[in-house]
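First comes the structure, then the notes that go with it.
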2 protein chains.
Amino acid sequence: MKKELTEKQRKVLQFIAQRVSRENRPPTIREIAQNFKFSSTGTVRDYLRLLQAKGYLKLQAKKARAIELISEKLPRIPILAQVQAGSPVLSYEAIEDYLDLKQLACREDEQIFALRVKGDSMIEAGIMPEDLVLIRPQLICENGDIIVALIDGETTIKYFRRQQRKAYLQPANNKYAPILIKDNFSIIGKVISVIRKYV
Amino acid sequence: MKKELTEKQRKVLQFIAQRVSRENRPPTIREIAQNFKFSSTGTVRDYLRLLQAKGYLKLQAKKARAIELISEKLPRIPILAQVQAGSPVLSYEAIEDYLDLKQLACREDEQIFALRVKGDSMIEAGIMPEDLVLIRPQLICENGDIIVALIDGETTIKYFRRQQRKAYLQPANNKYAPILIKDNFSIIGKVISVIRKYV
DNA sequence: ACCTATACCACACATTTGTGTGGTTGTCAA
DNA sequence: TTGACAACCACACAAATGTGTGGTATAGGT
């Protein structure tokens with residue numbers, strides 16, 4: 001079922017994918033023609049039909065911008081199991097999975113939000129200052145969760161630890177001591193993800 | 001500049017946003033009319049112009065499906081500067097920015113890929129085992145970059161350090177010693193991002 | 001009573017856009 | 001040499017689509 005693409009065909013497909021990603025809508029046939037300096041719309045139509053025949057996209061007849069990309073065939077961010085010498089060859093065996101950025105934030109109906117980390121209290125858990133942490137709001141949490149809590153009016157990110165009848169907010173930095181939870185405390189949510197960007 | 005929407009106007013905007021999200025392209029005027037059972041395209045056009053005037057979207061004249069949503073007005077993942085008590089109220093002042101997952105991987109024409117981290121050699125840089133690191137392939141790098149390199153046939157993530165005429169791969173873990181770069185060495189790319197998911 | 005805004009409708013029109021027909025050129029394998 | 005396929009072009013046509021003009025009805029404010 002899966003058929004290989006020529007270099008040119010791949011470029012056409014990639015152009016469409018870029019447009020969808022950047023402008024949130026597919027290009028028209030004439031926009032594609034313009035990009036590749038084709039003087040005939042027929043050329044593009046032939047490409048589209050070919051790409052459709054090979055299963056890379058689906059066309060809706062007589063609709064404007066009716067190119068539906070088949071997502072499983074799109075260039076995505078592959079998670080590689082192993083890297084070979086030279087330029088990273090994307091051989092089939094090496095691809096462990098694909099990264100889906102959308103699913104980082106899970107469901108759309110959940111009110112996920114992000115916080116920028118201040119301070120080094122979770123540094124031993126790999127949460128560095130200036131990292132972004134994604135938070136799923138929830139009022140209860142389990143022992144060992146990394147949570148965002150409000151204590152004495154201040155936001156803090158810590159491990160949640162329960163021992164016998166007591167609960168603690170525990171930093172991941174031996175410079176700081178655990179905080180016994182008493183009053184003036186509320187849980188904001190659970191840290192579900194950490195994101196860091198370099199430069 | 002920012003003006004409030006009526007219930008109906010909000011529903012029209014929401015419908016457009018849903019279509020963009022689900023089908024990766026905006027609806028046509030007639031598709032909107034059909035959804036809301038408007039018998040005239042003029043009705044929809046009036047809504048669109050109104051929404052444009054209020055800053056919720058931008059129309060491109062005489063183009064099909066040319067509705068560009070103004071993203072800052074759409075529900076996204078907000079990066080909060082401060083969190084208030086109770087459920088996180090998304091007050092205007094608290095929102096520092098919005099998280100754009102797409103821009104994590106930068107340009108699409110770059111062959112970004114991801115690796116799952118094995119081992120604890122970069123743990124003091126906040127890169128933990130099982131984290132995903134996004135890699136931008138490049139053959140040269142600067143002093144201090146965190147890079148993925150192939151040394152003696154093995155993939156490794158380290159700091160790249162240059163001193164006088166020598167270059168080292170330096171772990172971020174004092175259990176391990178820096179590795180002097182000699183032969184059998186090639187740079188795969190630079191670590192541009194770190195992503196961690198809990199549960 | 002008058003003005004403004006929202007929320008529609010009907011219909012014509014022009015442009016955009018997809019589609020069909022019929023080509024050319026070159027390569028590669030049978 | 002024939003056939004298949006990639007990679008194009010020119011041009012006409014019809015359908016999809018946005019736009020313009022000119023309406024009606026209702027509600028709220030002044």
Side-chain angles (χ1 to χ4, degrees), chain A residues 1-20 22-70 73, chain B residues 1-20 22-70 73:
Chain A
M1 191 68 84
K2 292 173 191 171
K3 294 178 184 175
E4 293 306 315
L5 297 181
T6 66
E7 189 61 21
K8 203 69 193 284
Q9 291 162 7
R10 205 186 52 73
K11 279 188 178 171
V12 172
L13 181 66
Q14 186 182 309
F15 172 73
I16 298 168
Q18 274 181 16
R19 280 300 195 87
V20 170
R22 289 186 192 156
E23 300 185 13
N24 284 316
R25 68 176 187 210
T28 64
I29 284 182
R30 280 168 181 83
E31 283 168 2
I32 299 171
Q34 196 180 332
N35 180 269
F36 289 97
K37 297 190 173 32
F38 296 148
S39 66
S40 169
T41 57
T43 303
V44 179
R45 178 211 48 211
D46 291 346
Y47 271 108
L48 291 181
R49 291 209 177 133
L50 190 147
L51 287 169
Q52 177 172 275
K54 292 189 179 178
Y56 289 81
L57 48 81
K58 216 163 75 181
L59 302 172
Q60 252 182 81
K62 304 192 174 187
K63 295 277 178 185
R65 304 177 189 276
I67 304 170
E68 185 190 333
L69 293 168
I70 307 294
K73 296 219 178 189
Chain B
M1 190 70 85
K2 293 170 188 172
K3 294 179 184 175
E4 293 306 315
L5 296 182
T6 65
E7 189 62 19
K8 203 67 191 286
Q9 291 161 7
R10 206 186 51 72
K11 279 187 178 171
V12 172
L13 181 65
Q14 187 182 307
F15 172 74
I16 298 168
Q18 272 180 17
R19 281 297 196 88
V20 171
R22 286 185 195 156
E23 301 185 11
N24 284 317
R25 69 178 185 205
T28 64
I29 284 182
R30 280 169 182 81
E31 282 168 3
I32 298 171
Q34 195 179 331
N35 181 268
F36 290 98
K37 297 189 173 36
F38 296 148
S39 64
S40 169
T41 57
T43 303
V44 179
R45 179 212 46 210
D46 291 346
Y47 271 109
L48 292 181
R49 290 207 177 136
L50 191 146
L51 287 169
Q52 176 172 248
K54 291 188 179 180
Y56 289 81
L57 48 81
K58 214 162 76 180
L59 302 172
Q60 251 183 83
K62 304 190 175 187
K63 294 278 178 185
R65 304 178 189 276
I67 304 170
E68 184 191 332
L69 293 167
I70 306 295
K73 299 220 176 188

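Order of the sequence lines sets the chain letters (A, B, ...), proteins ahead of strands, with each chain counted from 1. Excluded from the calculations below are hydrogen atoms, water molecules and symmetry mates; all remaining heavy atoms, backbone and side chain alike, are included.
Checking dT19(C), dT6(C), dT17(D) against every side-chain atom of T28(B), the shortest atom distance belongs to dT17(D). Closest to the L50(B) side chain, of the nucleotides dT19(D), dA6(D), dT6(C), is dT6(C).
Between R49(A) and the phosphate of dG20(C), there is a side-chain N or O to OP1/OP2 separation shorter than 4.0 Å. Taking only side-chain nitrogens and oxygens, K63(A) comes nearer than 4.0 Å to OP1 or OP2 of dT17(D). OP1 or OP2 of dG18(D) has not a single side-chain nitrogen or oxygen of Q60(B) nearer than 4.0 Å.
Counting to the nearest Å, the P atom of dC8(C) and the CD atom of E7(B) are 13 Å from each other. With rounding to whole Å, L57(B) atom CG is found 15 Å from dG18(D) atom C1'. I32(A) has its CD1 atom 12 Å from the P atom of dT17(C), to the nearest Å. Look at CD on Q52(B): it is 14 Å from P on dG18(D), rounded to the nearest Å. Summarising the geometry, the separation between NZ on K62(A) and P on dG20(C) is reported as 7 Å, rounded to the nearest angstrom. What separates CD1 of I29(A) from P of dA14(D) is a distance of 18 Å, to the nearest Å. What separates CZ of R25(A) from C1' of dT16(C) is a distance of 12 Å, to the nearest Å. Between L5(B) atom CG and dA7(C) atom P the separation is 10 Å, expressed in whole Å.
Both R65(B) and Q9(B) sit near DNA chain C, but only Q9(B) has its closest nucleotide nearer the 5' end.
The two atoms that bring R49(B) and L59(B) nearest to each other are N-CD1, 4.2 Å, heavy atoms only. Between I67(A) and P26(A), the closest heavy-atom pair is O-CG, 3.5 Å.
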Heteroatom pairs (N/O) under 3.5 angstrom, protein to nucleotides 8-13 of chain D:
unit_1  : atom_1 : unit_2 : atom_2 : d
dC8(D)  : OP2    : K8(A)  : NZ     : 2.4
dC8(D)  : OP2    : Y47(A) : OH     : 3.0
dC8(D)  : N4     : D46(A) : OD2    : 3.2
dC9(D)  : OP1    : S39(A) : N      : 3.1
dC9(D)  : OP1    : S39(A) : OG     : 3.3
dC9(D)  : OP2    : S39(A) : N      : 3.0
dC9(D)  : OP2    : T43(A) : OG1    : 3.3
dC9(D)  : O5'    : S39(A) : OG     : 3.1
dA10(D) : OP2    : S39(A) : OG     : 2.5
dA10(D) : N7     : S40(A) : OG     : 3.1

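How far CD of Q34(A) is from OG1 of T41(A): 13.0 Å, rounded to the nearest 0.5 Å. For the atom pair L50(B) CG and K8(B) NZ, the distance stands at 13.0 Å (nearest 0.5 Å). Rounding to the nearest 0.5 angstrom, the gap separating the CZ atom in R25(A) from the CD atom in E68(B) is 7.5 Å.
Considering only heavy atoms from C-beta on, L69(A) comes within 4.5 Å of L13(A) through its side chain. Counting heavy atoms from C-beta outward, V12(A) and L5(A) have side chains that stay 4.5 Å or more apart. Counting heavy atoms from C-beta outward, F36(B) and K11(B) have side chains that approach closer than 4.5 Å.
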Item to complete: Could you encode protein contacts along nucleotides 25-30 of chain D as a string, one character per nucleotide from 5' to 3', using B for base contact, S for sugar-phosphate-only contact and - for no contact, with a heavy-atom cut-off of under 4.0 Å?
Response: ------
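Using cut-offs of 30° and 60° on the angle between ring planes, the pair F38(A) and Y47(A) is parallel.
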